[in-house]
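Everything below concerns the one structure shown next.
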Amino acid sequence: MTGIEQVRARLIERVEIDRRLLESGCVEQVAEAAAVITRSLSADGKVLFFGNGGSSMDAGHLAAELLGRFRKERPSLAAVSLSDSTAAMTAIGNDYAYDEVFARQLSGLGRRGDVAVGLTTSGNSANVVRALEQAAALGLVTIALTGAGGGKVAAVADLCIRVPTEDTADIQEACMHLGHSICELVEAALFP
């Protein structure tokens, strides 16, 4: 297979995943997630994103879309990526355990009415699961973005958006698309 053929094949796979997304219920869940986040931000709440590896970068990206802007020039919105604090991540991981790196930050930063958004392609990242449990205990609304199986986060998140594939790269790409859709809906609702 040539490079061109490989790129075409990959794009065809991407279109198929998008078709499955349209049929999966993700569209309604994304609209629900945006409504939850809009309510929180309207009531002076904040959105706390977190994930590991590529998902940590996606968490930072989505927080930046709300802090900065997505499509509209508008005031900054309260969003934080817990993965971005190297000092907190390493100190908590060292002093407690890596499973606690997000839960501990949520304990200090999260308040009832805030929204916690965990990204995990497998749905089983122990620190994301633990953080969603902690967030729920603190009265935060919890959202997970994950793969088709849902993993352990499906049982702990208030809203679990499952991308209909088990391929890590495809899940990450779809989660970013869905995350951008959430940001766009939040902007449209708060700044019509």
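None of these values were measured; they are calculated from a predicted model.
Side-chain contact between Arg8 and Leu11 is absent, with no heavy atoms from C-beta onward closer than 4.5 Å. Side-chain contact between Thr146 and Ser122: absent, with no pair of heavy atoms (C-beta onward) separated by less than 4.5 Å. Taking the side chain as every heavy atom from C-beta outward, Val27 and Leu22 approach each other to under 4.5 Å. Using a 4.5 Å heavy-atom cutoff, the side chains of Phe49 and Ser83 are not in contact. With a 4.5 Å cut-off on side-chain heavy atoms, Leu67 and Leu77 do not count as touching. No side-chain heavy atom of Arg130 sits less than 4.5 Å from a side-chain heavy atom of Phe102. Proximity of Leu109 to Leu82: side-chain heavy atoms (C-beta onward) are separated by under 4.5 Å at one or more points. In this structure, the side chains of Ile171 and Thr165 come closer than 4.5 Å at one or more pairs of heavy atoms.
For Gly113 against Ser40, the heavy-atom pair with the smallest separation is O-OG, 2.8 Å. Heavy-atom minimum distance, Asn124 versus Lys152: OD1-N, 2.8 Å. In this structure, Val47 and Val117 approach most closely via the heavy-atom pair CG1-CG2, 3.8 Å. Nearest heavy-atom pair across Cys160 and Gln29 is O-NE2, 3.0 Å. Looking at every heavy atom in both residues, Thr121 comes nearest to Ser55 through CG2-OG, 4.1 Å. Shortest non-hydrogen contact noted between Gln105 and Met89 is NE2-SD, 3.8 Å.
Hydrophobic clustering of Ile, Leu, Val, Met, Phe, Trp and Tyr side chains at less than 4.5 Å, counting indirect connections, keeps Met57 apart from Leu66. Hydrophobic clustering (ILVMFWY, side-chain heavy atoms < 4.5 Å, transitive): Ile161 and Leu62 are in one cluster. The same ILVMFWY cluster, assembled from side-chain heavy atoms under 4.5 Å apart, contains both Leu178 and Val141. Hydrophobic cluster membership is shared by Leu159 and Val30, with clusters built from Ile, Leu, Val, Met, Phe, Trp and Tyr side chains linked at under 4.5 angstrom. The hydrophobic clustering, which links ILVMFWY residues whose side-chain heavy atoms are closer than 4.5 Å, places Leu145 and Leu132 apart.
Remark: Lys72 does not engage Glu184 in a salt bridge, criterion side-chain N to carboxylate O under 4.0 Å. With respect to the salt-bridge test (charged N to carboxylate O, under 4.0 angstrom), the residues Glu187 and Arg71 do not qualify. Salt-bridge formation is detected for the pair Asp170/Arg10: a Lys NZ or Arg NE/NH1/NH2 atom is positioned less than 4.0 Å from an Asp or Glu carboxylate oxygen. A salt bridge links Arg19 with Glu23: the distance from a Lys NZ or Arg NE/NH1/NH2 to an Asp or Glu carboxylate oxygen falls below 4.0 Å.
For the side-chain contact (heavy atoms from CB on, under 4.5 Å) criterion with Phe50, the lone passing option out of Thr120, Asn127, Leu106 is Leu106.
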Requested in this report: Any chance you could lay out the salt bridge (Lys or Arg N to Asp or Glu O under 4.0 Å) test for Asp114 and Lys46, step after step, and finish with the verdict?
Outcome: CA-CA 5 Å; Asp114 289 346; Lys46 62 187 159 301; 2.7 Å; yes

Requested in this report: Please lay out, stage by stage, how Val128 and Asn52 fare under the test side chain to side chain contact (heavy atoms under 4.5 Å, CB included).
Outcome: CA-CA 8 Å; Val128 174; Asn52 298 292; 3.8 Å; yes

Requested in this report: In sequence, state the C-alpha distance, the side-chain angles, and the governing distance for Ile37 and Ile182, and then conclude on side chain to side chain contact (heavy atoms under 4.5 Å, CB included).
Outcome: CA-CA 9 Å; Ile37 291 170; Ile182 290 168; 3.8 Å; yes

**Report entry** Worked check of side chain to side chain contact (heavy atoms under 4.5 Å, CB included) between Glu32 and Ile143
**Finding:** CA-CA 10 Å; Glu32 183 180 347; Ile143 299 171; over 6 Å; no

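Side-chain atoms of His61 and Glu65 include a donor-acceptor pair closer than 3.5 Å. Side chains of Ser107 and Gln134: a donor on one and an acceptor on the other come within 3.5 Å.
Interatomic distance, CD of Gln172 versus NE2 of His177, reported as 16.0 Å (0.5 Å rounding).
The backbone N or O of Ala97 sits nowhere less than 3.5 Å from a side-chain atom of Glu100 that would complete a donor-acceptor pair.
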